[in-house]
Trainee: 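Here you go, one structure.
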Amino acid sequence: MSTLLLNLDFAESPLKKSLEGNAKHRSFVKRRRFLEQRGFLNKKNQHPSKVPKPHSEPTKKGETLRVDGTGKINPLRKKKTAASSNGSEQSLDKKATVSWLSPAPSKKTDSVVGKIDLLGEFQSALPKIKSPPVRSQKKPPENSATQNSTQAHSESICSGASWKPGKMVAVDCEMVGTGPKGHVSSLARCSIVNYDGDVLYDEYVLPPCPIVDYRTRWSGIRKQHMVKATPFKTARSQILKILAGKIVVGHAIHNDFKALQYFHPKPLTRDTSQIPLLNRKAGCPENATMSLKTLTKKLLSRDIQAGKGGHSSVEDAQATMELYKLVEVEWEQHLTQNPPKN
């Protein structure tokens with residue numbers, strides 16, 4: 001009998017390697033889809049190197065294309081012998097640093113599939129976040145006209161020019177005596193006139209406390225005036241609505257505000273008893289406090305508060321406004337340069 005020799009090759013068959021490579025490829029595709037679903041990677045677009053160029057030369061038989069990171073296409077020649085193909089596969093396995101990034105081998109044993117730099121594709125697929133350049137926002141310079149108008153508006157608080165005629169009034173009050181021995185001055189009449197002297201308000205006011213002294217010689221108030229007088233609380237509310245936001249002119253006006261239980265802003269108050277220009281025009285000492293009757297007689301050549309019938313709050317308010325108008329321009333300029341503190 002002839003001797004039968006069996007040559008057994010225990011190396012892994014190409015089919016087993018192909019199946020193992022396909023499993024790795026499937027695992028890679030599965031991981032990539034998972035990352036795309038999570039939003040860590042954008043969906044993979046077709047690599048521009050895989051699109052065939054219209055004028056590119058057809059590849060020769062037995063050659064395949066390899067795409068590297070630089071985008072160059074290099075032909076790989078077919079290995080003729082099985083031994084050389086096994087050697088080349090072992091060298092490629094040694095060079096591969098990450099096993100799961102290597103593509104699955106082709107089913108054809110007579111060709112070598114080109115390796116694709118998947119890591120480069122991952123980096124290119126990642127969204128690039130560019131921080132917008134920070135621009136320094138510089139405020140445009142304000143117009144000089146706007147600055148001038150703002151300054152003029154602030155100065156108009158002290159100036160009566162922008163308040164005339166509807167925003168300027170003169171007020172005068174008449175008081176009666178209440179409290180112990182009638183020593184407490186309580187409001188009994190209030191009159192308000194506008195810039196032209198027209199009467200805006202003139203009412204008798206019933207004090208909240210019993211009247212002890214009517215002071216008729218000075219106030220002109222009598223008992224019959226209180227029969228239909230407006231209660232103090234109602235009258236005060238009506239008066240303050242008229243005075244609100246206006247320049248108020250008066251003579252020794254702090255007494256009127258005290259009777260009204262009210263405080264008006266000082267920049268909007270004009271007291272003719274405290275204007276040195278009026279005293280100078282009347283030939284009186286500038287620092288002296290002159291009575292309304294004296295100033296009216298010397299500057300307006302008119303007698304007020306005459307006779308035993310008492311004062312008229314309407315007449316006094318009109319005289320006060322006329323006195324203020326005599327020195328209005330000069331006094332407002334002085335207040336603009338030296339604004340009063342509230």
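Numbers for residues simply follow the sequence, beginning at 1. These numbers come from a predicted model, not from an experiment. Heavy atoms only: backbone and side chains are in, while hydrogens, waters and symmetry mates are out.
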Trainee: Supply the atom-to-atom distance Leu206 CG to His225 NE2, rounded to the nearest 0.5 angstrom.
Mentor: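 Between atom CG of Leu206 and atom NE2 of His225 there are 13.5 Å.
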
Trainee: Do His311 side-chain atoms and Ser219 backbone N/O form a donor-acceptor pair below 3.5 Å?
Mentor: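 Not confirmed, His311 side chain does not pair with Ser219 backbone.
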
Trainee: Would you please say whether a donor-acceptor pair under 3.5 Å links the side chains of Arg270 and Thr320?
Mentor: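 There is no such pair between these side chains.
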
Trainee: Evaluate the criterion side-chain contact (heavy atoms from CB on, under 4.5 Å) for residue pair Gln274 and Thr289; output intermediate values, then yes/no.
Mentor: CA-CA 7 Å; Gln274 302 295 326; Thr289 301; 4.1 Å; yes

Trainee: Going through the checks in order, is the side-chain hydrogen bond (donor to acceptor under 3.5 Å, both in side chains) test met by Ser273 and His251?
Mentor: CA-CA 5 Å; Ser273 68; His251 193 84; 4.9 Å; no

Trainee: Considering all heavy atoms of both residues, which atom of Leu260 and which atom of Arg236 are nearest to each other, and what is their separation?
Mentor: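 So the two residues come closest at O-NE, 2.8 Å.
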
Trainee: Do the side chains of Ile304 and Leu295 join up, straight or via other hydrophobic residues, at under 4.5 Å, putting them in one cluster?
Mentor: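 Yes, Ile304 connects to Leu295 through the hydrophobic network.
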
Trainee: Atom NE2 in His183, atom CG in Asp213: separation rounded to 0.5 Å?
Mentor: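 The CG atom of Asp213 is 9.0 Å from NE2 of His183, to the nearest 0.5 Å.
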
Trainee: What's the verdict on side-chain contact (heavy atoms from CB on, under 4.5 Å) for Leu292 and Asp316, showing C-alpha distance, side-chain angles and the deciding distance?
Mentor: CA-CA 8 Å; Leu292 179 63; Asp316 291 351; 3.8 Å; yes

Trainee: Kindly work out whether a path of hydrophobic side-chain contacts (I/L/V/M/F/W/Y, heavy atoms less than 4.5 Å apart) joins Leu335 to Val249.
Mentor: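 Both belong to a single hydrophobic cluster.
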
Trainee: Measure the shortest side-chain to side-chain distance between Pro207 and Phe232 over non-hydrogen atoms and say whether it is less than 4.5 angstrom.
Mentor: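 In short, these two side chains do not touch, never coming nearer than 4.5 Å.
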
Trainee: Looking at Phe34, I'd like to know if its CZ atom is crowded, meaning that more than 12 non-hydrogen atoms belonging to other residues, nucleotides or ligands lie closer than 6.0 Å.
Mentor: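 Not more than 12 within 6.0 Å, no.
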
Trainee: Would you say Val193 ends up clustered with Leu240 if hydrophobic residues are merged whenever their side chains have heavy atoms under 4.5 Å apart, either directly or through other cluster members?
Mentor: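 Per the 4.5 Å side-chain linkage, Leu240 and Val193 are not co-clustered.
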
Trainee: In the structure I gave you, are the side-chain heavy atoms of Met321 and Lys325 within less than 4.5 Å of one another anywhere?
Mentor: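 Heavy-atom side-chain distance check passes, below 4.5 Å.
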
Trainee: Consider only side-chain N and O atoms of Thr234 and Ser237, and report whether a donor and an acceptor are under 3.5 Å apart.
Mentor: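 Note: Thr234 and Ser237 side chains miss the donor-acceptor criterion.
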
Trainee: State the CZ-CD1 distance between Arg280 and Ile275, to the nearest 0.5 angstrom.
Mentor: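 Result: 12.0 Å between the selected atoms.
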
Trainee: Val171 and Cys190: side-chain contact (heavy atoms from CB on, under 4.5 Å), yes or no, with the steps?
Mentor: CA-CA 7 Å; Val171 63; Cys190 181; 3.9 Å; yes

Trainee: Are His254 and Phe263 close enough that some pair of their side-chain heavy atoms sits under 4.5 Å apart?
Mentor: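 Of all side-chain heavy-atom pairs linking Phe263 with His254, none is under 4.5 Å.
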
Trainee: List the atom of Ser191, the atom of Asp202, and the distance in Å for their closest heavy-atom pair.
Mentor: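 Closest approach of Ser191 to Asp202, heavy atoms only: OG-OD1, 2.7 Å.
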
Trainee: Drop me the distance from Lys246's NZ to Asn194's CG, to the nearest 0.5 angstrom.
Mentor: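 So the NZ of Lys246 and the CG of Asn194 are separated by 10.5 Å.
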
Trainee: So which heavy atom on Ile253 is nearest to which on Asp271, and how close?
Mentor: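 Closest approach of Ile253 to Asp271, heavy atoms only: N-OD2, 3.5 Å.
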
Trainee: Do Tyr262 and Asp256 pass the side-chain contact (heavy atoms from CB on, under 4.5 Å) test, and can you show the C-alpha distance, the side-chain angles, and the key distance before you say yes or no?
Mentor: CA-CA 9 Å; Tyr262 170 69; Asp256 301 322; over 6 Å; no

Trainee: Salt bridge between Arg302 and Glu322, side-chain N to carboxylate O under 4.0 Å?
Mentor: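 Looking at Arg302 and Glu322, the cut-off is met.
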
Trainee: Are Met175 and Val212 connected in the hydrophobic side-chain network, where two residues link if heavy atoms are under 4.5 Å apart?
Mentor: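 No, separate clusters.
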
Trainee: Testing the 3.5 Å rule here: is there a donor-acceptor pair between the side chains of Gln224 and Tyr204?
Mentor: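 Judged by distance alone, the side chains do not pair up.
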
Trainee: Rounded to the nearest 0.5 Å, how far does CG of Leu326 lie from CG of Leu278?
Mentor: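 It comes to 7.0 Å.
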
Trainee: I'd like to know if Tyr195 and Leu323 are part of one continuous hydrophobic network [Ile/Leu/Val/Met/Phe/Trp/Tyr, side-chain heavy atoms within less than 4.5 Å].
Mentor: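 Linked, Leu323 and Tyr195 end up in one cluster.
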
Trainee: Give me the one residue out of Arg189, Glu203, Gln318 that meets side-chain contact (heavy atoms from CB on, under 4.5 Å) with Ser313.
Mentor: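 That would be Arg189.
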
Trainee: Where do Gly179 and Val184 come nearest, in terms of heavy atoms and distance?
Mentor: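 Heavy-atom minimum between the residues: CA-CG2, 4.2 Å.
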
Trainee: Taking the side chain as every heavy atom from C-beta outward, state whether Ile211 and Met226 have any atom pair closer than 4.5 Å.
Mentor: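 Yes, at least one pair of side-chain atoms sits under 4.5 Å.
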
Trainee: So which heavy atom on Pro339 is nearest to which on Thr336, and how close?
Mentor: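 Minimum heavy-atom separation between Pro339 and Thr336: CD-O, 3.8 Å.
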
Trainee: Output the distance between atom OG (Ser312) and atom CD (Gln305), rounded to the nearest 0.5 Å.
Mentor: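 Reported to 0.5 Å precision, the distance equals 9.5 Å.
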
Trainee: If you draw a 6.0 Å radius around CG in Asn287, do more than 12 non-hydrogen atoms from other residues or ligands fall strictly inside?
Mentor: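 No.
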
Trainee: Locate the shortest heavy-atom distance separating Ile239 from Tyr201; write the atom from each residue and the value.
Mentor: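 Looks like CG1-CE2, 3.6 Å.
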
